[in-house]
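In what follows, chains are A, B, ... by sequence order, proteins preceding strands, each numbered from 1.
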2 protein chains.
Amino acid sequence: MPGTDDTNPASALYRGKGVTAWRLIADEIEADIAVLRLPPGEQLPTEAQLAARFGVNRHTVRRAIASLAERGLLKAAQGRGTFVENWPLSYPIGPRTRFSENVARERHQPGGELLRAEEIPATPVIAHALSIPAAAPVVAVSTRRFADGTPISCGIIHLPLPRFAGFAAAYRRNGAVTPALAACGVADYRRLETRIAARSASAEEAALLDLAPGRVVLAVTSINVDDNQVPIEFGNTAFAADRVELLVASDQAEFKP
Amino acid sequence: MPGTDDTNPASALYRGKGVTAWRLIADEIEADIAVLRLPPGEQLPTEAQLAARFGVNRHTVRRAIASLAERGLLKAAQGRGTFVENWPLSYPIGPRTRFSENVARERHQPGGELLRAEEIPATPVIAHALSIPAAAPVVAVSTRRFADGTPISCGIIHLPLPRFAGFAAAYRRNGAVTPALAACGVADYRRLETRIAARSASAEEAALLDLAPGRVVLAVTSINVDDNQVPIEFGNTAFAADRVELLVASDQAEFKP
DNA sequence: AAAAATTTGTGCGTATGTATT
DNA sequence: TAATACATACGCACAAATTTT
């Protein structure tokens, strides 16, 4: 364990195992972020100022910042400063997962955009997910979704034909899945399963989501079923991992805003 | 988006019905993978051989391979060949999430390793997650978990003291959380919430998980509670995204092997 | 447009306390 | 006890990126 210099004010608090100066500084900054005394987007004092305030060397402050940056709470930019990262949008996943509701719950303005729609024969995995014969016709709808104008996710959803022949047009009008499904006679639907993987964004995804190349996305595949347990939608969505975290709550009752 | 050259069959991707040569080839390979005619790890024929078999130019085969590689089904290695990727371990998340059960369900041998255990004062987020006062003592247990000997995840779990003073020793003996909690008098526990983010692996995570630098991890934070809804464990786990996918099933009843 | 100032990033050397051998 | 390895912390200097003058 590290050395403890009793003359150092920052190290005078606790003296347990593993309590080092840089850890104390990191905890203090973390607490400031947690209490919103350092709100998202806020610029921290410079490393030199923090070092002076805590009475330590600049390297020690840098060690604390590095620890918080690794956990995604801070982001240091050479020449500009160090900033508090935005809290990710919390996106609950459960039996009644709906994009627009999830975004609105966090007091953001949801939006959806239809990029492309085409009829294609189902590939093997699409056919399996929708429980239809291989190469049966489906409509593939490419979408991009927003919260307050910033892109959150993009992806392709597949729906069987001819039942959902009118889906694309309805989605284009509404910019949301639920009303578009309603236009096709689906009063209610349920999320059957959600698979979550992670990978680097493809070039197309990076362009659509306005991500720096190499940033990572949460790759989510989902199956929705209607009231009769018939699969109606197979989706393949990439969420910008910088802006969203997925939340699986076992208490599926309510999420207060 | 790429340019559109009508004389090039592969460039019809972004227009029309989407039934292009490379798509047909990709579907065929995908189907072979789906029915295990191309098992995980298998090497594909060379691009030249595939081009000859399908009667297309090698560029067309490359377009199909690129599409499947982007979805993680294939991996092309310059100079070596193209290989079928291993199917990721499917890791169900729900009210009764347990690592060892999840791994055993997929017919793999689970394992756990205690890397380090120390008593520390709770940071603000730990204290909030466990519903204890700030800076209250907790035990932080660093673990690494395996399936069939290959590392799957690493992370730190935090448990309040003095209730779980014996946890670390019990975990070291058993290599699993559930029996270690039982040793502390917790007969049963429930997953309260799970937050899923994604990011690049840190240097330490890359080393522990045997990942190439820059590969991505699923960063999962979880809270488990005992029968009285008292938080007993706050975990912060990084899953190697190459080797595991998280599965949220609304029908939480059963998963057949 | 160019120069200066500011801020983070990197490297080296030194010293000290902790843990292991 | 001694030797060794390691993590922490300090001090100085300079490089690289950005903003301001």
Side-chain angles (χ1 to χ4, degrees), chain A residues 1-33 37-86 206 210-216 242, chain B residues 113-124 126 135 137-144 154-156 158 161 165 168-169 171-172 199-210 213-214 236 238:
Chain A
M1 289 307 140
T4 306
D5 176 6
D6 290 52
T7 67
N8 183 330
S11 62
L13 297 174
Y14 315 110
R15 308 205 61 209
K17 287 171 54 170
V19 182
T20 61
W22 69 263
R23 260 180 224 279
L24 289 171
I25 295 168
D27 284 357
E28 197 151 320
I29 297 174
E30 181 185 346
D32 283 350
I33 294 172
R37 187 161 37 221
L38 284 173
E42 178 88 348
Q43 180 169 10
L44 263 70
T46 69
E47 295 174 351
Q49 290 172 331
L50 288 171
R53 176 199 298 179
F54 291 111
V56 298
N57 189 273
R58 190 174 142 238
H59 281 301
T60 309
V61 170
R62 284 181 59 75
R63 181 71 184 82
I65 290 175
S67 134
L68 295 175
E70 186 159 293
R71 288 166 45 199
L73 278 72
L74 296 179
K75 180 154 196 165
Q78 194 175 63
R80 295 203 307 132
T82 305
F83 301 84
V84 180
E85 283 279 60
N86 290 313
D210 190 25
L211 293 175
R215 293 324 306 263
V216 346
D242 291 335
Chain B
E113 174 189 14
L114 187 147
L115 301 174
R116 189 170 59 248
E118 50 184 352
E119 295 184 16
I120 59 169
T123 68
I126 297 172
V138 298
V139 54
V141 182
S142 300
T143 65
R144 180 160 61 152
C154 64
I156 306 183
H158 304 267
L161 291 174
Y171 185 90
R172 197 188 298 272
R199 52 178 170 74
S200 299
S202 71
E204 186 182 3
E205 288 161 350
L208 286 171
L209 299 177
D210 190 25
N236 222 300

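At D/dG11, one or more side-chain N or O atoms of A/Asn57 fall inside 4.0 Å of OP1 or OP2 (strictly under the cut-off). In this model, the phosphate group of C/dT6 is not approached by any side-chain N or O of A/Thr46 to a distance below 4.0 Å at OP1 or OP2. Side-chain N/O atoms of A/Arg80 include none lying less than 4.0 angstrom from OP1 or OP2 on D/dA17. Residue A/Thr60 places at least one side-chain N or O closer than 4.0 Å to OP1 or OP2 of D/dC10.
Remark: B/Arg199 does not engage A/Glu70 in a salt bridge, criterion side-chain N to carboxylate O under 4.0 Å. Of the charged side-chain nitrogens involved, at least one lies within less than 4.0 Å of a carboxylate oxygen, so that A/Glu30 and A/Arg71 count as a salt-bridged pair.
Atoms CD (B/Glu118) and P (C/dT18) sit 15 Å apart, rounded to a whole Å. For the pair A/Gln78 CD and C/dT6 C1', the interatomic distance rounds to 12 Å; values are reported in whole Å. If you measure from atom CG of A/Leu50 to atom P of C/dG9, you get 13 Å, rounded to the nearest angstrom. Remark: P of D/dC6 and CZ of B/Arg116 are 15 Å apart, rounded to the nearest angstrom. Taking atom CG of A/Leu44 as the reference point, atom P of C/dT8 lies 9 Å away to the nearest angstrom. Protein atom CD of A/Glu47 is 15 Å distant from nucleotide atom C1' of D/dA9, rounded to whole Å. If you measure from atom CD1 of A/Ile65 to atom C1' of C/dG9, you get 12 Å, rounded to the nearest angstrom.
Side chain of A/Gln43 to main chain of A/Arg80: a donor-acceptor pair is present (N/O by atom type, distance under 3.5 Å, no hydrogens or angles).
Other residues, nucleotides and ligands contribute only 12 or fewer heavy atoms inside 6.0 Å of the CZ atom of B/Arg172.
When heavy atoms are screened at a 4.0 angstrom cut-off, A/Ala77 is found touching the sugar-phosphate backbone but no base atom.
Between A/Gln49 and A/His59, the one whose closest nucleotide on DNA chain C sits nearer the 5' end is A/Gln49. In terms of position on DNA chain D, the residue among A/Arg58 and A/Arg63 whose nearest nucleotide sits closer to the 5' end is A/Arg63.
The line from CZ of B/Arg116 to OG of B/Ser142 is 4.0 Å long, rounded to the nearest 0.5 Å.
The base-pairing partner of C/dA1, taking Watson-Crick or G-U wobble contacts with both distances under 3.5 Å, does not exist among the strands shown.
Of the candidate nucleotides C/dT10, D/dT8, D/dA16, C/dT10 has the atom nearest to the side chain of A/Arg62.
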